[in-house]
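Structure first, then comments.
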Amino acid sequence: MYYISTRGKADKVSSAMAIKNGLASDGGLYMPESIPQLSTEEIKELLGMDYPHRAHKVIKKFLTDYDSDRLLDMCIKAYSRFDGQYAPVVKTESGLYFLELWHGPTCAFKDMALQLTPRLLSEALKITGEKRCANILVATSGDTGKAALDGFCDVDQTKILVFYPVNGVSPLQKRQMITQEGNNVEVCAINGNFDDAQSAVKTVFSDKSFAESIADTSFFSSANSINWGRLVPQIAYYVSAYCDMINTKDISLGDEINVCVPTGNFGDIFAAYIAKVMGLPLKTLVCASNDNKILTDFFNTGVYNKKREFYQTTSPSMDILISSNLERMLYLVCGSEKTAEYMEKLKTEGEYTVNADELKELQRVYYGAFCTEKQGAEILRDLFDNDKYLCDTHTSVAAHCARQYIASTKDTVPMLVVSTASPYKFVNSVCKALGITPSEDEFESVELLNKYTKVRIPDGLAKLKDKQIRFNGCIEKDQINNKVRDFVSR
C-alpha cells in the first residue's frame, strides 16, 4: 500500500516513509491510496482477541511494508504499560456507552497511539535505511505533549521538542510535561495558543532551506496526528469497542452504532470515519465542540472561518481553531486539487467554503454540535449524581452533544461516547462542577476529589507530585523557529 498527499503534488511513498516524513513535501498530509476493508468474518475473528491482537489485525492492513510478526510484538509491548485495561466500554444507567481511552501511562487517549507511534517510527527508520537523527516537533493543547514525551523518552535515533500554550493547559498537564524524564526530550511554553504553536511547527516542516541545512545529520518528523503513524493506531479502538459491545450482548454483529467524539484537531473522529469506510457499522459521527465551535459551524454551514474569537475553556484540548486533520476528510470528499485550494484560502484569507454537494456529503456522515461551559459542568454533575459515572471536562462536552443529537433526531441507535482523559487530569474544573471547592494546590484537589467520589487516582498522577521540575522555559511565538534551530544543533 502506498501513500499520497492530500494536496496531490508529492511523490507517493511507502507507509514507512510516510511515517518517517510526517508531512508530505507539498505541505499536505499523507493518505493511503485506498482504504482496506474489514469483513464480517474478520470482525468475528477479532471477538476472541485481546486489545493488542485486535490492534495488530487492523493496523497491519495499512502498514503493508512492516513485518507482521514485528508489528504484533510492537503492539504487545506498547500496550503492556496500561493499567490492566486497554479501552473498556462502560454502559451507564441513562443508556450512553463510554469508550474509556485513558488507561495508559499519561491518563489520556493519546496513549492509545503514542505508546505505539515511536515504535512505528523507529521501525520505519530501519525499513528505509535511515541513519540520521529524527527530530520530533510537537505542538500540544495538553495531552499529546505528555504522551509523546513519554512514548519517545530515550528512544534511539530520536529527539523530541514539545511546545505548549503557557496558559492553555491544565496545571496537571503542565506538571506532567515539565517533569518529563529522558535525555532526548525538551519542553517549552509559548505566549500564545495551540494554533500559534501548530502553525509555527508546520512552517518549520515546510522550510526546505532549514531542512537542507541539517540534512547531513538530522531530519524533522512529527508525533501530532498529522503523522499517519499517530492516526492509524486510533482506528483500532473503534473496531475493538464494537467487538466489546457484541461480546457484552449490547449489540449483535452487523448492528449500527453512533459515535460522539470531543473534537479539536479532528484526528480522533477522522479515525472513526476510516473505520466506517473499512466496513465497521458506524452510522453517525457526532462531532462535539466546546465554545470554540468552528467545526459545529462548518458542518452546519459549509463555511470554515478561523477569524473569530478564541476562548480558553475548561476543556483545553479542544481549544483549537485550525483542525488539521479535517484536510484529510476534505481530500476524500473533494479531491487533492480542491483540498489544496481550500488550504491555501485558509492560510491567506482565514476561511474557505465548500460547495453544496460537498457539504451534503459531509452532513451524510457528521453531525456538528457544541456545548457551553455551563452545560458541560451541568452534565458532568448529572452523570455523577444520577449514573454514578465520573468523567473529565472533555468527555462531558461529548456527553452533552450526544444527548443533544439523540433529542433532536430521536435516533435510538446505541451511542458510544469517547472518553478522552481521566477526570483527575482536569481536577479543579471537575471539582467545581461537582460543587467541591478546589485547593490552590492541584494535588490537594486530587485528594479532595478522591475523597468525594471514591474513584481511584491513576498511578501516573498519584506519583507526579514528587517528580522534579526540569523545564521552565517560555518564549514568544515568533521565537519558535530559533528555539527549534537551537534544539537541532545540540
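Basis for what follows: all heavy atoms, side chains included, without hydrogens, waters or symmetry-related copies. None of the values given here were measured: they were computed from a predicted structure.
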Is it the case that the side chains of [Y] and [X] hold a donor-acceptor pair, with the cut-off being a distance below 3.5 Å and no angle test?
X    : Y    : value
D150 : Q115 : yes
S323 : N325 : no
D268 : Y238 : yes
T284 : Y405 : yes
D291 : T313 : no
T106 : Q176 : no
D319 : N292 : yes
S324 : K202 : yes
Q173 : D143 : yes
Y367 : S408 : yes

Qualifying residue, where the test is side-chain contact (heavy atoms from CB on, under 4.5 Å) with R328 and the options are I274, T6, T339: T6
Heavy atoms of other groups near [X] [atom1], more than 12 under 6.0 Å:
X    : atom1 : result
E341 : CD    : yes
F219 : CZ    : yes
D11  : CG    : no

With a 4.0 Å cut-off, would you call [X] and [Y] a salt bridge?
X    : Y    : value
D67  : K126 : no
E344 : K347 : no
E123 : R70  : yes
R364 : E361 : yes
K9   : D26  : no
D411 : K283 : yes

Short question: side chain of [X], backbone of [Y] - any donor-acceptor pair under 3.5 Å?
X    : Y    : value
K276 : V365 : no
T140 : G145 : yes
Y66  : L120 : yes
T393 : T314 : yes

Residue pair K338 / L330, side-chain heavy-atom distance below 4.5 Å: no
Passing candidate, salt bridge (charged side-chain N to carboxylate O under 4.0 Å, His left out) with E351, options R308, K307, K306, K345: K307
